[in-house]
2 protein chains.
Amino acid sequence: MSQPASQRSTGAESFFDDAVEQLRAAGLRVTPQRRAILELFDHRHTHMTPQGIFEALQQQVSSLSLATVYNSLEVFEEIGVLNRVCAKDGQAYFDPNTQPHQHAVCQRCGEIFDIQIPSSKLDGLVQSLCPAAVTNGDFEIDSVDIWLKGLCSNCQ
Amino acid sequence: MSQPASQRSTGAESFFDDAVEQLRAAGLRVTPQRRAILELFDHRHTHMTPQGIFEALQQQVSSLSLATVYNSLEVFEEIGVLNRVCAKDGQAYFDPNTQPHQHAVCQRCGEIFDIQIPSSKLDGLVQSLCPAAVTNGDFEIDSVDIWLKGLCSNCQ
DNA sequence: TTCGTTGCAAATTGTTTGCACCCGC
DNA sequence: GCGGGTGCAAACAATTTGCAACGAA
């Protein structure tokens with residue numbers, strides 16, 4: 001199958017290049033720290049916590065501050081380079097996949113996986129939930145967040 | 001419509017009575033503090049945070065400790081009297097509805113509403129998601145967590 | 001009377017903030 | 001050089017824990 005292009009409106013090649021471009025477009029600076037965080041997401045294309053990012057980087061980036069990691073992640077979220085994902089463990093995970101998608105969490109290892117649900121299927125779901133779905137009268141549904149819970153292939 | 005019975009295997013009358021019965025059945029003590037928390041859930045049948053419960057009760061229950069609230073909630077969760085619900089705001093909410101159900105969150109006021117989705121419909125959804133839904137090969141789906149995001153009737 | 005529970009305060013954990021110094025543009 | 005960014009340490013917020021006193025069974 002053809003790999004889905006993950007670029008945004010800018011049309012850059014990779015996640016990293018695209019992110020740098022969006023930083024510049026927003027008038028923000030491309031610092032070594034931000035570069036390092038983006039490169040990390042470019043290599044491991046997974047969901048990571050601020051703490052995890054910090055630990056992964058403090059070896060290579062001398063004197064990196066956890067506060068800077070938080071700061072950068074917030075910036076990345078604001079310009080749409082990363083998505084903040086709040087898992088049930090109370091921690092914030094950041095996701096380089098900014099396309100609409102859903103998640104599956106392994107109940108044993110805690111790893112978060114992306115799920116691509118065709119928007120048509122999702123729309124159908126929302127439609128089927130709409131009528132009298134919410135107990136308290138009419139609730140105007142804006143979006144749907146689906147979390148599958150179970151076991152990943154490694155933990156089964 | 002007939003109101004759905006919310007009792008568990010014990011067959012008690014109200015949420016409060018049922019909860020007390022389950023406490024005793026588990027060999028745990030029914031203290032004034034635990035009673036107060038259960039009564040609060042019995043009156044306001046909604047989702048509450050530990051802090052919110054504490055604030056609601058410290059007026060009537062002299063010298064109630066926040067630690068006790070946390071402690072009691074953990075006990076209630078363990079014996080199946082309450083469900084812990086982790087919302088996106090990072091806070092833990094506790095839900096007296098222990099039947100399988102889904103949630104809708106108002107993006108403005110933050111209130112959490114229960115949604116009753118027929119299990120047949122939910123099964124259908126899982127079925128439709130199962131085949132090749134998860135990017136990383138086979139993921140063994142155990143349960144599904146659905147969060148509708150939007151505006152409640154009050155905030156529209 | 002006994003042992004589960006409570007209250008308090010201190011410890012943890014995740015995240016934010018204030019501020020002087022630094023460096024990308 | 002300017003002004004945004006960084007690092008550090010302190011501040012916060014949510015939650016947990018240690019321990020002596022307490023009280024439900």
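Below, read A as the first sequence line, B as the second, and so on, with proteins coming before strands; counting in each chain starts at 1.
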If you take all heavy atoms of A:Thr98 and A:Gly80, which pair is closest and at what distance?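 Heavy atoms of A:Thr98 and A:Gly80 come nearest at CG2-O, 3.3 Å.
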Check: If you look at every heavy atom in B:Arg35 and B:Val30, which pair is closest and at what distance?
Finding: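 Shortest heavy-atom contact: NH2-O, 3.5 Å.
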Tell me whether B:Gln22 contacts the main-chain N or O of B:Val81 through its side chain, where contact means a donor paired with an acceptor under 3.5 Å.
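No, B:Gln22 side chain to B:Val81 backbone: no donor-acceptor pair under 3.5 Å.
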Original post:
Do the side chains of B:Ile37 and B:Gln33 get nearer than 4.5 Å, heavy atoms only?
Top reply: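 No, side chains not in contact.
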Does A:Gln102 reach the side chain of A:Leu148, with side-chain heavy atoms less than 4.5 Å apart?
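A side-chain contact under 4.5 Å is absent here.
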Which residue pairs pass the ring-ring contact (aromatic ring centres under 6.0 Å, His included) test when at least one of the two sits in residues 62-96 of chain B, sequence neighbours left out?
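Passing the test, one end in residues 62-96 of chain B: no pairs.
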Worksheet item: With sequence neighbours left out, what residues match B:Arg84 under salt bridge (charged side-chain N to carboxylate O under 4.0 Å, His left out)?
Response: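 B:Glu77.
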Go through residues 85-95 of chain A and report each residue with a non-hydrogen atom lying under 4.0 Å from DNA chain D, sorted by number.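 By residue number: none to list.
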(request) Hey, can you tell me if A:His101 and A:His47 have their rings parallel, tilted or perpendicular (30° and 60° cut-offs)? (result)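 Taking A:His47 first and then A:His101, their aromatic rings sit tilted (interplane angle of 30° to 60°).
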Enumerate donor-acceptor pairs with a distance under 3.5 Å from any side-chain N or O in residues 52-69 of chain B to protein atoms, sequence neighbours excluded.
from, atom 1, to, atom 2, distance (Å)
B:Gln59, NE2, B:Glu55, O, 3.4
B:Ser65, OG, B:Ala67, N, 3.2

In this structure, how many angstroms lie between the C1' atom of D:dG4 and the CD atom of A:Glu74, rounded?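 After rounding, the reported distance stands at 15 Å.
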First locate atom CD1 of B:Ile146, then atom CD1 of A:Ile146, and finally report the distance between them rounded to the nearest 0.5 Å.
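Taking CD1 in B:Ile146 and CD1 in A:Ile146, the distance rounds to 5.0 Å.
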Classify A:Arg24 by what it touches in the nucleic acid, base, sugar-phosphate, or nothing, heavy-atom distance under 4.0 Å.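 The residue A:Arg24 makes sugar-phosphate contact but no base contact.
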Would you tabulate the nitrogen or oxygen pairs shorter than 3.5 Å linking the protein to nucleotides 5-8 of chain D?
from, atom 1, to, atom 2, distance (Å)
D:dG5, OP1, A:Arg34, NH1, 3.2
D:dG5, O5', A:Arg34, NH2, 3.1
D:dT6, OP1, A:Thr31, OG1, 2.6
D:dT6, O3', A:Gln33, NE2, 2.9
D:dG7, OP1, A:Gln33, NE2, 3.2
D:dG7, OP1, A:Ser63, O, 2.5
D:dG7, OP2, A:Ser65, N, 3.1
D:dG7, OP2, A:Thr68, OG1, 2.4
D:dG7, O5', A:Ser63, O, 3.4

- Contact boundaries on DNA chain C for chain A, cut-off under 4.0 Å to non-hydrogen atoms: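 Nucleotide range with atoms under 4.0 Å of chain A: C:dG14 to C:dC25.
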